[in-house]
Amino acid sequence: IFILAGYKSDIEDKLLPSNIGLSSRFPIKLIFDDYNESEIREIIIDDLRRRSVKHKVESIRCLDIMTRTVEKQRNRTDFANARSARAVVE
């Protein structure tokens, strides 16, 4: 078993076309959708909990700002989904 993992556009537009026979060697494709805004928010909350940051009512505004920060990155080519959410916590 051999698994290719990466961003869809990188795999389909760069890797697979680099060798004419490569695409046929990977007939099964599992494509995962990006996380939506509420899922990104949950990832941020989870990461804060792991760091022992208490989730208090006064931190909701900060959480909203963090979530919006990640959402603004969505159309960038270096958007990293959950990794972007974790980076904003760091």
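In this text, all values refer to a predicted model and were calculated from it rather than measured experimentally.
At a threshold of 4.5 Å between side-chain heavy atoms, the hydrophobic network of Ile, Leu, Val, Met, Phe, Trp and Tyr places Leu30 and Leu16 in two separate groups. Cluster annotation: Met66 is connected to Phe79 through the hydrophobic network of ILVMFWY side chains, with a link wherever side-chain heavy atoms come within less than 4.5 Å.
The number of heavy-atom neighbours closer than 6.0 Å to CD1 of Ile20, taken from other residues, nucleotides and ligands shown, is 12 or below.
Applying the side-chain hydrogen bond (donor to acceptor under 3.5 Å, both in side chains) definition to pairs two or more places apart or across chains, those involving residues 14-28 are Asp10-Lys14.
Contact check on Arg41 versus Asp64 returns a salt bridge, with a Lys/Arg side-chain nitrogen under 4.0 Å from an Asp/Glu carboxylate oxygen. Between Glu71 and Arg74, at least one side-chain nitrogen of the basic residue sits less than 4.0 Å from a carboxylate oxygen of the acidic one, meeting the salt-bridge criterion.
In this structure, CD1 on Ile43 lies 9.5 Å from OG on Ser38, to the nearest 0.5 angstrom. Between Thr69 atom OG1 and Ile44 atom CD1 the span is 8.0 Å, to the nearest 0.5 Å. To the nearest 0.5 angstrom, Ile40 atom CD1 is 8.0 Å from Thr67 atom OG1.
Proximity of Ile3 to Phe26: side-chain heavy atoms (C-beta onward) are nowhere separated by under 4.5 Å. Inter-residue side-chain proximity for Leu4 and Phe2 is flagged as met; some heavy-atom pair is nearer than 4.5 Å.
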For residues 82-90, which side-chain N or O atoms pair as donor and acceptor with protein atoms under 3.5 Å away, sequence neighbours left out?
from  : atom 1 : to    : atom 2 : distance (Å)
Arg83 : NH2    : Tyr7  : OH     : 3.0
Ser84 : OG     : Gln73 : OE1    : 3.4
Ser84 : OG     : Ala80 : N      : 2.9

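Looking only at distances, no side-chain donor or acceptor of Glu12 sits under 3.5 Å from a matching main-chain atom of Ser9.
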